[in-house]
Every structure is written in C-alpha cells, then in structure tokens.
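Scroll down for the structure; my scribbles are underneath it.
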Amino acid sequence: MKTFFKWTISTFLGLALIVAIGWWWIGPAWRALILDPPKNTDILFWNLSQRDAGFKVLDQAPFLVKSLAITPSSNSRELAVGDELVLNQNIDDFFKEQRLAGALILHKGKIRLEKYGLGHSVDSRWTSFSVAKSFTSSLVGIALKEGLISSLNDSVSDYISGLKGSVYDDVSIEQLLTMTSGVAWNEDYSDPNSDVALFNNHKAVDGLPTIVSYMRRLSRANPPGETWHYSTGETNLIGILVEQATGQTLADYLTEKIWQPFGMADKATWILGPDGNEISGCCIQASLRDFARYGLFMLEAGHIHGESVFPQDWVSKATTNRVETSPTSKRSYGYQWWTFEDGSYTARGIFGQTIFIDPNRDLVIAFNGNWPTATDANLDRKRFEFIDSVKATIDQE
C-alpha cells in the first residue's frame, strides 16, 4: 500500500512538473489567451486583453489561422544606434495613452528612439493590419517593372478572369490602387454585417478565390475613377492580381524581391484566408525593426544593390496625392499609401499600426499598438501631434 501511495504521489508530482514547465514554455501571451479565450475567430471583436496577447501570436495558432513564412535575409541590414532623441514629451505617458507595443524612430538610418510595451519586444512579431496594403502596392510596382503587369491602365478582369462580367470589367489596376473603383463596399469595423467583416467567411463558388467570389457580386455606387472609398476588399483583389501575374504567392514574391535582398533581419509571416491565399489587405506579422526597415526601403526608393526594383517614377506616383479622400482631410491617397502635402506619407492599420516616412527629413517612424477600438480620431490626432513634435525636434537639431 505504501509503495502504491508513493508511486501515486511521484506520478502526480511528475505530471504537475510537466504541466508547470509547459505553462511556462508557452509564454505570457498564450497563457493570457488560455485564461481568457476568445469566443470567436474574428479578431475585430476580441476584447482588449485578448488582442494584447493575440497580436503577438496570431501566426502561431494554426487552429485559428494559417500563414506563409517570409524568410529573413542571411545578410541583414544593421541599424546603427544614434544619439538619443530628446523630446519635449513624456514618452512613458505617450505609450500609456496610445497603448503602444512599440515605437522606433530612424533618422538618417540610425535608431534615435526604440521602446516597447504591452509585452512586445525586439525579438517578437506584431500584426500589421492595413499596413500590409502598402507592402502589396510595392509588389505591384515590382511586377510592373518586370513586365509581368503590362500597364496600370489595364482592366482588373484582364488579370483576374473570375471577375469577367462583373462591375470590375470597367475598373483599371490604377483605380484599385487608389481605391476609386466606384464599387459599393462597407468598411465598418464595428458592424458584424459589414463587407469587411463578412468577406473572409464567404463560401466561394465556381472554384474561385474567396475574395473574387465575394467581390464579383458587388454593385456599382459611383462611376470608376471619380470617388475615393476605402475598401480592404479591393486590396485583397490586388493581391490575387499579383499572384496571377507573377505565378508566386505574395509571401514568396515579397521574400525574393524585398525581404531578403534588402536585408530584413527576422522571419515574418503573412496570414492566409480560408482558401489559402494571403489576405493582402491585412496581416503581415513582423518585428518592429523590420517594419522600420521597410520604411527605409521606401525612403531609398526601392534601391537594392544600386538599382531600384521599381519603375523610375513609381515611388513619386505611389506616395503623392493621386486622389483626395475628403474635402476637409489633410490626408490624400496614393497607391495604397496615405499622403501629405509636405511630401511625407504613411502606411496605416487599425488599432494604431503605423509606418510614417518623411523623405525631406530622412525620417522613418514605426509604431505597433492596440488602441481600445479599431479607429479612434482623438488617438490618431495625438499620434500625429507626436510625429510633428519629432519633426520639430529634428529641425531644431
């Protein structure tokens, strides 16, 4: 009896030790999600603490989503550390107010400020949301230079045959890039019945990619080329178009043309939709430093080994005003980039993701974060007030 009792205790202690080691090994993000599991797979409707954890490990949950790897370079581009940028603002208070997971300021290629929060770190990845749109735009530019896309004036349905006979017959690639297709779309992140919430769960027909099957059913709201209207669905169409033109997945094309040759240091991933295609309007997981390196890549007009991967005038067209977003907005829109009158431009994603690029100041600022809501006009205003203070400090130097 004593032997059985000792064996039972030893077995229990051994199992407890294994469980304890496993609990420690999975890390704080997974522990948080296990203790407070989301009730659905749509991250737009997770609570704040679930998103704090989920944004770090979204690509590590194959039962939730699948992803493709973006392979880092074997010769990564070092980011030298410059003098610390002295700002007239309490950075800790700014982090708390903005719920920032990370902020990185590069000036003349050197790190002037780097700070992390919300359990994020230099070694971990964070999701991009719509910042990925600007990456997708770059892939169009590369395919254009390589002759895989003949012209931005080509009809979208020339490249995506599943759209033939739909309203997209009259839409050009450039109109997709500038979000001026005129096709009706609802981008309300708080509405579970909006297009942006529904498209990914659409049941595709005729063997088409999910987004093509969904988008070809849509109707026209305005004539093509006349009205700007924000549509993640159309960036997802751009991704399908690039895949059709290049014969490669977006992750592989990004790896081959930008990630490895420019010297990105860390593995990244691109989240897949249910049909196995990358969601090109969303969800690249990368380190904050590599998001900033992508800003450098754009700042340097896509030059790698002395030659730009883009057509000669691509960056100037992509990152300057192609269309007004509203009569009162200070921001215009280029080719999947938000643009400003002073020549600066930015990639933006919901919940506070940003890559800001100012060619006149040789400045890149990258942010990861988790705002309480997908969009917040007050936090957005204060974010750009902070960016203005960085520019003013650099000007004073």
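Note that the structure is a prediction, hence the values are computed from the model and not measured. All residue numbers refer to positions in the sequence shown, counting from 1.
No side-chain heavy atom of L58 sits less than 4.5 Å from a side-chain heavy atom of W126. Side-chain atoms of R361 and D395, non-hydrogen and from C-beta on, do get closer than 4.5 Å to each other. F297 places a side-chain heavy atom less than 4.5 Å from the side chain of I304. Annotation: side chain of N321 is not in contact with side chain of Y333 (no heavy-atom distance under 4.5 Å).
Remark: the backbone N or O of N370 is paired with a side-chain donor or acceptor of R99 at under 3.5 angstrom. The backbone N or O of K133 sits nowhere less than 3.5 Å from a side-chain atom of S130 that would complete a donor-acceptor pair. Side-chain N or O atoms of N236 include one that pairs as donor or acceptor with a backbone N or O of G281 at under 3.5 Å. Counting only distance, with no hydrogens or angles, the side chain of S332 and the backbone of T339 share no donor-acceptor pair below 3.5 Å. Judged by distance alone, with hydrogens and angles left aside, the side-chain atoms of S157 form no donor-acceptor pair with the main-chain N or O of L163 at under 3.5 Å. Counting only distance, with no hydrogens or angles, the side chain of D376 and the backbone of L379 share a donor-acceptor pair below 3.5 Å. Distance alone, capped at 3.5 Å, places no donor-acceptor pair between the D154 side chain and the I149 backbone. For the pair S316 (side chain) and D313 (backbone), a donor-acceptor distance under 3.5 Å is present. S308 contributes a side-chain N or O that, together with a main-chain N or O of A301, makes up a donor-acceptor pair within less than 3.5 Å. In this structure, the side chain of Q353 engages the main chain of I350 through a donor-acceptor pair within 3.5 Å.
Counting heavy atoms of neighbouring residues, nucleotides and ligands inside a 6.0 Å radius, atom CG of N360 exceeds 12 of them. At most 12 heavy atoms of other shown residues, nucleotides or ligands fall within 6.0 angstrom of atom NZ in K267. Within 6.0 Å of the NZ atom in K317, the count of heavy atoms belonging to other residues, nucleotides or ligands does not exceed 12. Atom CD of E256 has more than 12 neighbouring heavy atoms from other residues, nucleotides or ligands inside a 6.0 Å radius.
Both L241 and V167 belong to a single network of hydrophobic side chains, linked directly or stepwise wherever heavy atoms of I, L, V, M, F, W or Y lie under 4.5 Å apart. Residues W371 and W46 are members of separate hydrophobic clusters, defined by side-chain heavy-atom contacts under 4.5 angstrom among Ile, Leu, Val, Met, Phe, Trp and Tyr. Connection of W314 to W337 is established within a shared hydrophobic cluster, with ILVMFWY side chains joined at heavy-atom distances below 4.5 Å, either directly or through further cluster members. Taken together through direct or relayed side-chain contacts under 4.5 Å among Ile, Leu, Val, Met, Phe, Trp and Tyr, V122 and I355 form part of one hydrophobic cluster.
Between Q336 and T235, the shortest heavy-atom distance links the atoms OE1-OG1, 2.6 Å. P261 approaches T255 most closely through the heavy-atom pair CD-O, 3.5 Å. T373 approaches R51 most closely through the heavy-atom pair N-NH2, 4.3 Å. What you find for L250 and E278 is that their closest heavy atoms are N-OE2, 3.0 Å. Shown here for T210 and A204, the closest heavy-atom pair between the two residues is CA-CB, 3.9 Å. Closest non-hydrogen pair, P359 versus G343, comes out as CD-O, 3.5 Å.
The ring pair (Phe, Tyr, Trp, His ring centres under 6.0 Å) search around Y214 returns H202, not counting sequence neighbours. For Y159, there are no ring pair (Phe, Tyr, Trp, His ring centres under 6.0 Å) partners at least two apart in sequence or on another chain. Checked against ring pair (Phe, Tyr, Trp, His ring centres under 6.0 Å), F291 has no partners two or more places apart in sequence or in another chain. For the salt bridge (Lys or Arg N to Asp or Glu O under 4.0 Å) test, residues two or more places apart in sequence or in another chain that qualify with D206 are R216. The ring pair (Phe, Tyr, Trp, His ring centres under 6.0 Å) check on F45 picks up nothing, with sequence neighbours excluded.
Between the CG atom in L79 and the CG atom in L106 there is a gap of 5.5 Å [rounded to 0.5 Å]. Atoms CD1 and OG1, from I284 and T136 in turn, are 6.0 Å apart once rounded to the nearest 0.5 Å. If you take CZ on R125 and OG on S67, they are separated by 7.5 Å, rounding to the nearest 0.5 Å. Distance check: D358 CG to K391 NZ gives 5.5 Å after rounding to the nearest 0.5 Å. The CG atom of N368 sits 9.0 Å away from the OG1 atom of T127 when rounded to the nearest 0.5 Å.
Using a cut-off of 4.0 Å between Lys/Arg side-chain N and Asp/Glu carboxylate O, E300 and R77 are scored as salt-bridged.
The salt bridge (Lys or Arg N to Asp or Glu O under 4.0 Å) pairs that include a residue from residues 187-201 number zero, where partners must be two or more places apart or lie in different chains. Listed by first and then second residue, the salt bridge (Lys or Arg N to Asp or Glu O under 4.0 Å) pairs that reach into residues 170-181 come to none, sequence neighbours excluded. The ring pair (Phe, Tyr, Trp, His ring centres under 6.0 Å) pairs that include a residue from residues 127-154 are F55-F129, F129-F351, F135-Y294, where partners are two or more places apart or lie in different chains. Evaluation of the salt bridge (Lys or Arg N to Asp or Glu O under 4.0 Å) test over residues 321-333, restricted to residues two or more places apart or in two chains, returns R331-D380. Applying the salt bridge (Lys or Arg N to Asp or Glu O under 4.0 Å) definition to pairs two or more places apart or across chains, none involves residues 234-249.
Geometric assessment of R348 against the ring of W338 yields a positive cation-pi assignment under the 6.0 Å and 45° thresholds.
Counting Ile, Leu, Val, Met, Phe, Trp and Tyr side chains that sit under 4.5 Å apart, directly or through other members, L68 shares a hydrophobic cluster with L272. Applying the under-4.5 Å side-chain rule to Ile, Leu, Val, Met, Phe, Trp and Tyr, the cluster around I91 extends to L85, L87, F94, F95, L100, I105, L113, F340, F356, L363, I365, F367, F384, F386, I387, V390, I394.
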